[in-house]
Amino acid sequence: MATGTRERPPGIAPRSIRLPGIVLGVGLGGFVDGILLHQLLQWHHMLTGTNDDRIGVKYYSPNTVSGLEMNTVWDGVFHAVCWLAVLLGLGILYSRVTHHRRRVWTSRVLWGWVLSGWGLFNIVEGLLDHQILGIHHVHGGPHRIWWDMGFLLLGVVLLVVGHLVRRGGKPFAPEADEPPTGSGQRV
């Protein structure tokens with residue numbers, strides 16, 4: 001057939017944008033956390049809760065030069081992992097979408113998956129670092145459990161909003177032809 005699209009063998013689904021969307025969301029969500037909470041608000045750093053952690057990491061006070069230096073190093077490691085997640089997500093997306101890339105970037109489906117990835121980041125990071133390991137908390141002090149729970153709740157809200165955004169979008173098949181001009185459809 002000369003339709004301009006690659007034909008798929010029966011039973012082979014088009015490659016999804018779910019994985020790259022989630023990986024991008026994890027990386028971007030980590031950047032929001034690191035830039036907003038670690039750097040701008042300075043509520044915590046990677047190792048600021050280690051005076052009562054559950055794994056025996058030495059405490060590095062953010063109120064001393066040496067403590068802040070160690071926390072800055074670990075914040076940098078955290079940002080490097082976020083950067084790698086964004087690069088990986090972009091790489092996977094690029095490999096899966098060979099035509100009509102603009103349609104992908106304007107797709108509610110992709111942005112729904114990105115929001116879901118950000119929500120997954122909050123839930124995993126909130127449970128692992130804040131609750132299980134205790135290496136830091138969203139905001140220290142006597143009410144820190146409420147800040148931590150708010151962080152987890154934000155993760156759940158992001159998952160729900162991501163699902164709703166995806167549900168409102170049109171399915172995207174990377175190899176599909178562009179919709180006719182003037183049809184008003186965006187996928």
Side-chain angles (χ1 to χ4, degrees), residues 16-64 66-94 96 105 108-167:
S16 173
I17 58 174
R18 177 184 329 151
L19 178 62
I22 289 173
V23 174
L24 279 168
V26 166
L28 294 171
F31 275 135
V32 170
D33 176 326
I35 292 167
L36 181 64
L37 300 179
H38 297 215
Q39 295 174 331
L40 295 177
L41 296 175
Q42 297 180 18
W43 282 1
H44 72 261
H45 298 281
M46 284 306 294
L47 302 177
T48 53
T50 56
N51 59 342
D52 61 358
D53 71 299
R54 293 173 186 84
I55 57 172
V57 174
K58 181 182 172 195
Y59 177 60
Y60 296 100
S61 171
N63 300 319
T64 66
S66 63
L68 190 55
E69 286 174 344
M70 184 58 77
N71 274 292
T72 301
V73 166
W74 281 100
D75 285 350
V77 169
F78 173 71
H79 280 113
V81 170
C82 294
W83 182 68
L84 290 173
V86 169
L87 287 179
L88 179 63
L90 289 172
I92 296 169
L93 186 62
Y94 184 82
R96 291 188 176 187
W105 288 109
R108 291 176 60 116
V109 174
L110 175 65
W111 293 106
W113 282 120
V114 168
L115 288 172
S116 295
W118 183 359
L120 286 172
F121 165 82
N122 274 30
I123 291 169
V124 171
E125 203 265 340
L127 290 174
L128 186 63
D129 289 344
H130 304 167
Q131 303 306 312
I132 295 169
L133 300 177
I135 61 173
H136 68 256
H137 298 278
V138 173
H139 194 24
H143 304 292
R144 72 180 184 198
I145 189 69
W146 295 109
W147 288 101
D148 290 350
M149 292 300 112
F151 190 81
L152 290 170
L153 180 62
L154 176 60
V156 171
V157 167
L158 288 165
L159 278 173
V160 169
V161 170
H163 172 73
L164 294 173
V165 169
R166 281 193 324 272
R167 200 172 91 186

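We count residues from 1, following the sequence as given.
Side-chain atoms of His79 and Gln39, non-hydrogen and from C-beta on, do get closer than 4.5 Å to each other. Looking at Glu125 and Leu152, their side chains never come closer than 4.5 Å, going by heavy atoms from C-beta outward. Looking at heavy atoms from C-beta onward, Phe31 lies in side-chain contact with Val86 at the 4.5 angstrom threshold. In this structure the side chain of His38 reaches within 4.5 angstrom of the side chain of Asp33, judged on heavy atoms. In this structure, the side chains of Leu158 and Ile123 stay at 4.5 Å or more apart for every pair of heavy atoms. Using a 4.5 Å heavy-atom cutoff, the side chains of Trp105 and Leu110 are in contact. Using a 4.5 Å heavy-atom threshold, the side chains of His137 and Asp148 count as touching. Between Glu69 and Thr64, the closest side-chain pair of non-hydrogen atoms is not below 4.5 Å.
With sequence neighbours left out, the side-chain contact (heavy atoms from CB on, under 4.5 Å) criterion links Leu87 to Trp83. Partners of Arg166 by salt bridge (charged side-chain N to carboxylate O under 4.0 Å, His left out), not counting sequence neighbours: none found. For Trp74, the ring pair (Phe, Tyr, Trp, His ring centres under 6.0 Å) test picks out no residue, with sequence neighbours left out.
Looking at Leu41, Asp75, Leu40 one by one, the single match for side chain to side chain contact (heavy atoms under 4.5 Å, CB included) with Ile35 turns out to be Leu40. The ring-ring contact (aromatic ring centres under 6.0 Å, His included) test with His130 singles out one residue from Phe151, Trp43, Trp146, and that residue is Phe151.
The line from CG of Asp53 to CD1 of Ile132 is 13.5 Å long, rounded to the nearest 0.5 Å. Atom-to-atom distance recorded for Leu90:CG and Leu24:CG is 5.0 Å, nearest 0.5 angstrom.
Residue-environment remark: OH (Tyr94) stays at or below the threshold of 12 foreign heavy atoms within 6.0 Å.
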Practice problem: Report the C-alpha distance between His136 and His45 in whole Å, list the side-chain angles of each, state the deciding distance to 0.1 Å, and finish with yes or no for ring-ring contact (aromatic ring centres under 6.0 Å, His included). | Solution: CA-CA 7 Å; His136 68 256; His45 298 281; 9.4 Å; no
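Thr48 and Pro62 make their closest contact through CG2-CG, 3.7 Å (heavy atoms, listed as atom of the first residue, atom of the second, distance). Shortest non-hydrogen contact noted between Asn71 and Tyr60 is ND2-O, 2.8 Å. Of all heavy-atom pairs between Val109 and Ile17, the closest is CG1-CD1, 3.9 Å. The minimum heavy-atom distance linking Gly89 with Pro20 is given by the pair O-CB, 3.4 Å.
For Asp129 (side chain) and Ile135 (main-chain N/O), no donor-acceptor pair under 3.5 Å exists by modelled atom type.
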